[in-house]
2 protein chains.
Amino acid sequence: MATIYEVSALAGVSLATVSRVMNGNANVRESTKQKVLEAMATLDYRPSSVAQSLASNCTNSVGLLVSELHGPFYGTMMASIESELRRAGKHCIITAGHSEEKSEKAGIEFLLSRNCDALILHVEKLSDEYLLALKEKDISFVLINRQIDAIAEQCVTLDNHLGGYQMGQAILEAGHQKIAYLAGPSWKDDAKERFAGFKQALEEKGVELDPALIFEGNFQEASGYKGARELLLSGHEFTALCCANDEMAAGAMNAIRDNGLDIPNDVSVVGFDNVSFTQYLFPRLTTIDYPVGDMGQMAARLILKNTYKTTTSTIQTLFKPHLVKRQSLQPQE
Amino acid sequence: MATIYEVSALAGVSLATVSRVMNGNANVRESTKQKVLEAMATLDYRPSSVAQSLASNCTNSVGLLVSELHGPFYGTMMASIESELRRAGKHCIITAGHSEEKSEKAGIEFLLSRNCDALILHVEKLSDEYLLALKEKDISFVLINRQIDAIAEQCVTLDNHLGGYQMGQAILEAGHQKIAYLAGPSWKDDAKERFAGFKQALEEKGVELDPALIFEGNFQEASGYKGARELLLSGHEFTALCCANDEMAAGAMNAIRDNGLDIPNDVSVVGFDNVSFTQYLFPRLTTIDYPVGDMGQMAARLILKNTYKTTTSTIQTLFKPHLVKRQSLQPQE
DNA sequence: AACATAAATGAAAGCGCTTACATTTCATTA
DNA sequence: TAATGAAATGTAAGCGCTTTCATTTATGTT
């Protein structure tokens with residue numbers, strides 16, 4: 001591998017000049033620039049990003065922590081972040097937090113040990129204090145799907161309350177009255193807010209939500225199956241089942257059918273997130289769209305703007321969900 | 001940020017000694033080791049991975065190129081690779097090739113520009129020549145889901161022919177005779193082999209595959225929908241539809257139902273890959289399992305063994321698929 | 001006690017760049 | 001034409017580590 005020394009020797013200029021043309025520095029005469037470029041080409045020179053990083057104190061890498069690398073939600077998120085960063089010449093180091101506090105901490109430590117210039121974090125179990133402490137240490141980061149008021153400007157979030165409200169509205173407009181709700185874990189803010197928004201929509205229309213028709217799941221398919229099954233077997237009737245996310249909705253749909261009922265004729269189902277597989281479900285799932293791609297892109301732009309100062313694009317931190325009407329929700333006569 | 005200098009000063013030893021304890025080098029007296037450790041702790045010292053990389057000529061990073069960061073197949077692949085590498089203290093830089101030659105080349109260039117120690121490549125459009133040229137340049141890499149005989153030892157592949165064969169066998173055992181096949185793009189080796197294996201299974205049992213019942217898709221859901229629809233409208237009857245991957249199967253299922261037919265009573269459907277959403281489909285999809293997690297792990301181990309020499313685990317490069325029986329395939333009376 | 005040997009430590013060069021500062025070159029202007 | 005300032009280039013000091021080689025210290029042997 002050729003180094004900058006060889007290039008400088010071949011071009012007959014100093015190291016500094018080679019460095020200048022590499023970095024597009026203005027003050028280089030066109031003719032010498034050409035000499036250097038030529039030398040680089042004949043030597044098939046590639047700068048050592050490591051040496052550049054050491055000298056410039058910038059690695060051009062941003063660490064990305066997500067709960068899992070698989071799963072449609074994280075997939076879309078990673079894809080949008082990576083492509084936005086890559087376009088700016090940055091790379092990302094991705095690792096998983098597995099929805100556990102220790103593991104999330106270890107993930108951040110790991111990324112930090114890699115000298116990332118900034119982090120994009122989707123954490124679930126880490127405390128606000130820990131995150132605020134990161135801020136104190138002058139670590140540049142943005143939080144995705146997590147709201148901490150003290151650092152609101154670096155939190156990219158969805159209006160989950162609105163999403164829940166939209167879900168409630170949709171179900172009421174379809175004429176349902178006997179409604180069941182498959183909630184997410186109550187220790188998660190997003191799950192709480194979705195539920196709160198949902199309840200508000202019902203209250204505004206004076207519709208009661210029977211406590212016996214509420215089941216708290218964990219956002220996974222299996223808990224959706226279990227929840228729907230228990231709700232069905234409990235004997236309390238319902239014509240619509242609202243799920244706090246699509247995975248649980250998928251599980252619930254299987255449970256409903258395994259119990260001999262038809263979707264949506266016997267029971268309508270609504271999900272939340274609008275992950276890719278919702279279109280593969282039968283019937284295609286009516287759900288609330290979570291614009292995770294846009295949000296990932298925005299998280300990346302925040303970094304680009306704050307850490308790298310390479311963009312001046314306008315920043316938006318709060319995103320709005322919207323209803324996606326498909327076939328799993330049917331009007332009730 | 002404290003540097004090694006400060007640690008060495010505080011501990012009253014030389015740089016070299018600090019470096020030795022950092023790297024677990026044997027020849028350090030226990031007492032001095034403790035002094036150093038203590039100094040590190042009080043200074044909250046973290047070594048600069050960049051400086052380490054420059055000095056040691058090893059970045060501890062492996063580049064990972066996949067077609068897309070989203071999608072259940074790549075998700076599982078990335079997850080297994082990342083976790084195996086992370087366990088060994090390596091990080092991965094992930095980027096997308098988008099199934100286009102130019103983009104795949106650019107992705108590799110990008111990873112190389114980041115000075116990765118090695119690459120794990122899932123490429124679709126890149127030529128064998130290009131890949132062999134990489135080898136010539138002494139770039140250490142492993143190919144996943146791609147067989148090039150000249151470098152077989154660095155190719156982690158699935159026996160797609162066997163998978164196709166298993167699919168054929170399964171459908172025949174269920175008593176189907178009128179069989180349709182939704183193929184993958186014929187320029188892809190894996191698609192070709194799946195089809196070849198499939199045909200072989202039928203031939204061995206003397207079952208004809210009507211050319212009118214073959215549709216070539218592109219492995220995407222939409223083409224599955226389109227293919228199934230055309231097959232259905234063509235008027236040629238079939239009782240089973242075999243799909244070269246699960247995405248197309250999902251699309252096909254929707255098409256079949258949109259045409260008023262029942263799955264599996266009117267037509268059975270079989271997929272290939274066993275990606276996560278196959279369990280969410282209705283009926284749950286019978287499919288051929290592609291052990292992509294194991295294969296990703298093995299790809300990572302290959303790197304660990306060949307590039308980093310940190311493992312001696314035994315290597316396997318050819319993996320076998322197997323049938324996963326679920327509800328979308330029904331015996332034909 | 002003197003020596004040989006092994007273990008522990010230190011000195012210093014080098015990894016391949018960037019960049020502050022110094023110097024040279026060139027174009028203007030009085 | 002000399003003085004002046006701006007533009008172009010060079011010099012050299014880092015950036016924070018690893019590692020070779022030399023040196024010192026400890027251990028064991030006769």
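Naming: A, B, ... by sequence-line order, numbering from 1 per chain. Being a predicted model, the structure only gives us computed values, none of them experimental.
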Visitor: Could you pick out which residue, A:Lys33 or B:Arg46, lies toward the 5' side of DNA chain D when each is mapped onto its nearest nucleotide?
Guide: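 That would be A:Lys33.
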Visitor: Considering just the side-chain nitrogens and oxygens of A:Thr32, establish if one lies under 4.0 Å of OP1 or OP2 belonging to D:dT9.
Guide: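 Yes, within the criterion.
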Visitor: Within this structure, what is the CG-to-C1' distance between B:Asn115 and C:dG16, rounded to whole angstrom?
Guide: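 B:Asn115 atom CG is separated from C:dG16 atom C1' by 10 Å.
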Visitor: Between A:Leu54 and B:Glu30, who's closer to the 5' end of DNA chain C by nearest nucleotide?
Guide: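 Nearest-nucleotide comparison on DNA chain C picks B:Glu30.
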Visitor: Can you tell me how far C1' of D:dC15 sits from CG of A:Leu15, to the nearest Å?
Guide: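 After rounding, the reported distance stands at 15 Å.
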Visitor: Both A:Ala16 and A:Arg29 contact DNA chain C. Taking the nearest nucleotide for each, which residue is further toward the 5' end?
Guide: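 The answer here is A:Ala16.
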Visitor: At 4.0 Å (heavy atoms only), tell me whether B:Asn23 reaches a base, stays on the sugar-phosphate, or touches nothing.
Guide: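 Sugar-phosphate: the residue B:Asn23, judged by heavy atoms under 4.0 Å, touches backbone atoms but no base.
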Visitor: Side chain of B:Met22: nearest nucleotide among C:dA7, D:dC17, D:dC15?
Guide: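 Selected nucleotide: D:dC17.
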Visitor: Quick one: which of C:dC17, C:dG14, D:dT9 gets closest to the side chain of A:Tyr45?
Guide: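 Selected nucleotide (nearest to the side chain): C:dC17.
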Visitor: Which part of the nucleic acid, if any, lies within reach of A:Thr3 when heavy atoms closer than 4.0 Å are counted: base, sugar-phosphate only, or nothing?
Guide: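 If one applies the 4.0 Å heavy-atom cut-off, A:Thr3 turns out to touch the sugar-phosphate alone, with no base involved.
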Visitor: Let me see the working for A:Met22 and A:Met40 under side chain to side chain contact (heavy atoms under 4.5 Å, CB included), right down to the final yes or no.
Guide: CA-CA 10 Å; A:Met22 265 200 278; A:Met40 287 178 168; 3.3 Å; yes
Visitor: Where do B:Val292 and B:Leu158 land on the side chain to side chain contact (heavy atoms under 4.5 Å, CB included) test, with the steps shown first?
Guide: CA-CA 9 Å; B:Val292 63; B:Leu158 180 77; over 6 Å; no
Visitor: Step by step, would you call B:Arg86 with A:Thr95 a side chain to side chain contact (heavy atoms under 4.5 Å, CB included)?
Guide: CA-CA 8 Å; B:Arg86 164 91 184 274; A:Thr95 197; 2.7 Å; yes
Visitor: Do B:Tyr5 and D:dC15 have a side chain to base donor-acceptor pair shorter than 3.5 Å?
Guide: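 No, the side chain and the base share no sub-3.5 Å donor-acceptor pair.
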Visitor: Taking only the side-chain nitrogens and oxygens of A:Gln52, find out if one of them lies under 4.0 Å from OP1 or OP2 of C:dG16.
Guide: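 So the side chain of A:Gln52 is outside the cut-off, no N or O lying under 4.0 Å from OP1 or OP2 of C:dG16.
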Visitor: Between C:dG10 atom C1' and B:Asn27 atom CG, what is the distance in whole Å?
Guide: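 Going from B:Asn27 (CG) to C:dG10 (C1'), I get 14 Å.
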Visitor: Determine: side-chain N/O of B:Ser19 to OP1/OP2 of D:dT18, distance under 4.0 Å, yes or no.
Guide: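 Result: yes.
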Visitor: With respect to B:Asp117, which candidate in B:Thr307, B:Thr59, B:Asn60 satisfies the side-chain hydrogen bond (donor to acceptor under 3.5 Å, both in side chains) definition?
Guide: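 Checked B:Thr307, B:Thr59, B:Asn60 against B:Asp117; only one passes side-chain hydrogen bond (donor to acceptor under 3.5 Å, both in side chains): B:Thr59.
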Visitor: B:Met1 has an atom CE; how far is it from atom P of D:dG14, in whole Å?
Guide: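 In whole Å, D:dG14 P and B:Met1 CE are 21 Å from each other.
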Visitor: Applying the side-chain hydrogen bond (donor to acceptor under 3.5 Å, both in side chains) criterion to A:Ser67, which one of A:Glu104, A:His98, A:Glu124 satisfies it?
Guide: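 Testing each of A:Glu104, A:His98, A:Glu124 against A:Ser67, the sole residue satisfying side-chain hydrogen bond (donor to acceptor under 3.5 Å, both in side chains) is A:Glu124.
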Visitor: Between A:Asn60 (CG) and C:dT18 (P), how many Å, whole number?
Guide: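 Taking atom P of C:dT18 as the reference, CG of A:Asn60 is at 11 Å.
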Visitor: Does A:Ser14 have a side-chain nitrogen or oxygen under 4.0 Å from the phosphate oxygens OP1 or OP2 of D:dT9?
Guide: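 False: A:Ser14 side-chain N/O out of range (4.0 Å or more) of D:dT9 OP1/OP2.
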Visitor: C:dG16 P sits how many Å from A:Arg20 CZ, rounded?
Guide: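 Going from A:Arg20 (CZ) to C:dG16 (P), I get 21 Å.
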Visitor: Base, sugar-phosphate or nothing for B:Thr17? Non-hydrogen atoms, less than 4.0 Å.
Guide: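 Counting heavy atoms under 4.0 Å across all strands, the contact made by B:Thr17 is with sugar-phosphate only.
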Visitor: Do A:Phe73 and B:His70 pass the side chain to side chain contact (heavy atoms under 4.5 Å, CB included) test, and can you show the C-alpha distance, the side-chain angles, and the key distance before you say yes or no?
Guide: CA-CA 8 Å; A:Phe73 184 81; B:His70 56 256; over 6 Å; no
Visitor: Could you tell me whether B:Val13 contacts a base, only the sugar-phosphate backbone, or nothing, with contacts defined as non-hydrogen atoms closer than 4.0 Å?
Guide: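 Result for B:Val13 = sugar-phosphate.
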Visitor: Quick check for you: among D:dT9, C:dG10, C:dC17, whose closest atom lies nearest to any side-chain atom of A:Val28?
Guide: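 Out of D:dT9, C:dG10, C:dC17, the nucleotide with an atom closest to A:Val28's side chain is D:dT9.
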Visitor: Measure the distance from CD1 on A:Ile4 to P on D:dA12 and round it to the nearest whole Å.
Guide: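 My rounded result for the distance is 16 Å.
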Visitor: Rounded to the nearest angstrom, tell me the gap between atom NZ in A:Lys35 and atom C1' in D:dT9.
Guide: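 After rounding, the reported distance stands at 10 Å.
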